[in-house]
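To keep things clear, I will list the structure first and then write my remarks on it.
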There are 2 protein chains.
Amino acid sequence: MKLTTKGRYAVNAMLDLALHNDKAPINLTDISARQDISLTYLEQLFSKLRKKGLVESIRGPGGGYRLALDADEITIMRVMYAVDEPIDVTRCGGQQNCMGDVRCLTHDLWLGLNRHIAEYLNGISLGEMVRMNNVKQVADRQDAIMLKDVTHMAATPSDATH
Amino acid sequence: MKLTTKGRYAVNAMLDLALHNDKAPINLTDISARQDISLTYLEQLFSKLRKKGLVESIRGPGGGYRLALDADEITIMRVMYAVDEPIDVTRCGGQQNCMGDVRCLTHDLWLGLNRHIAEYLNGISLGEMVRMNNVKQVADRQDAIMLKDVTHMAATPSDATH
DNA sequence: CTCTTTTCAGAGTAATTTAGTCAACTATAT
DNA sequence: ATATAGTTGACTAAATTACTCTGAAAAGAG
């Protein structure tokens, strides 16, 4: 299992999609604004997510993306695997030849770690996250900021901290 | 937690040390041969391991490295942290400002994953690994190969174990 | 003292990966 | 038609990884 920012971006974006998953499809421009991910990078990510059957796309004006499955069926694991080729933590990709012809000393250790991570990430779905309170709160804030931007209100975000 | 081959090399090397942890210090040339890691790279790794107090060094002929602590006190986690700067899995390093001024949607998710991995890697020590059967078998084979190289003898120990 | 074996320190580097950008499409609603 | 939105693939700058190279310095053996 690979753990990169790419995978995390993908999860953030997918969760955004799950949170706004009503009738109308969500376009990437909105997700880009809310989640602070460049549009072109999102396009790249969603291309992969679509090919893995996690989202479906609707082209043209009013188009965008929608979850292709129930949010409870989409685990964090599936999202991360969709965008990041799974790199194995062992040196040999499950083969037993990590070291010349014999498996390395720590072969089983890394396999165990792999299993462990997978278990955790497979145990959490987008649906569950949507129902979590703290997630909902953050999402509401993000939506509020978007609204403010759209209306061109004088309120500059005043991001003194960074 | 960062998961790199560097960390895996370090664990392999440290386990080698633990397996051969008798009176005499072990030099890196031997570990290099047994674990198939370049000598200069090992030097780099052990420099860090020493600075973190996991090994102690003896210079000069007959010198080498020794575990600075009991093998049961050295967890896999400690080894990996010694050589790889811990990169945080969240975007903000535990701060709450992953996204401008609010924490990102998935902040807690990554923190949880971090905790999970740490728990696993902290739950396993070099001592425990040394006592595991499959590890011992691999180690014996590695030693046998080393011996063969040194003596240039034809007498293969015929290690028909499994 | 000198030779050899070892660790110690840090600079340098080639390859790979990451995190994107850019440009040129295609499909569809109005 | 035209504007909106997804689609594709090539390209790239920056960072990271996984090392190597050089040249010490310490310590024991002869």
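Letters A, B, ... are given to chains in the order of the sequence lines, protein chains preceding strands, and every chain is numbered from 1.
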- Query: Separation of B:Asn27 atom CG from D:dG28 atom P, in whole Å?
  - Reply: 15 Å
- Message: Between A:Tyr65 and D:dA5, is there a contact of a side-chain N or O with OP1 or OP2 at under 4.0 Å?
- Response: no
- Item | Gap between atoms CZ and P, on B:Phe46 and C:dC8 respectively (whole Å) | 11 Å
- Check the distance between D:dA14's C1' and A:Lys6's NZ and give it to me in whole angstrom. 16 Å
- Task: Calculate the interatomic distance between B:Ile26 atom CD1 and C:dT7 atom P; express it in whole Å.
- Result: 11 Å
- Is any side-chain heavy atom of B:Met129 closer than 4.5 Å to a side-chain heavy atom of B:Leu19? no
With 3.5 Å as the limit, what N/O pairs link the protein to nucleotides 22-30 of chain C?
{"residue": "C:dT26", "atom": "O2", "partner": "A:Arg59", "partner atom": "NH1", "Å": "2.9"}
{"residue": "C:dA27", "atom": "O4'", "partner": "A:Arg59", "partner atom": "NH1", "Å": "2.3"}

- Five pairs at each end of the helix from C:dC1-D:dG30 to C:dT30-D:dA1: take the axis at both ends and give me the angle between them to 10°. 0°
- Item | Flag for B:Glu128-B:Ser125: side-chain donor and acceptor within less than 3.5 Å | yes
- Task: Output the distance between atom CG (B:Leu54) and atom CG (B:Leu49), rounded to the nearest 0.5 Å.
- Result: 5.5 Å
- Task: Would you kindly give the CG-to-P distance between B:Leu39 and D:dT22, to the nearest whole Å?
- Result: 15 Å
- Query: Under 3.5 Å, is there an N or O donor on one side and an acceptor on the other linking the side chain of A:Gln44 and the base of D:dT7?
  - Reply: no
- Task: Output yes when at least one side-chain N/O atom of B:Ser57 is less than 4.0 Å from OP1 or OP2 of C:dC8, else no.
- Result: yes
- Query: Quick one: does A:Ile76's side chain get under 4.5 Å of A:Val79's, heavy atoms only?
  - Reply: no
- Value in whole Å for how far the P atom of D:dA5 lies from CZ of A:Arg66: 15 Å
- Can you check the B:Tyr41 OH to C:dC8 P distance for me, whole Å? 18 Å
- With a 3.5 Å cut-off and no angle check, do the side chains of B:Ser47 and B:Gln44 form a donor-acceptor pair? no
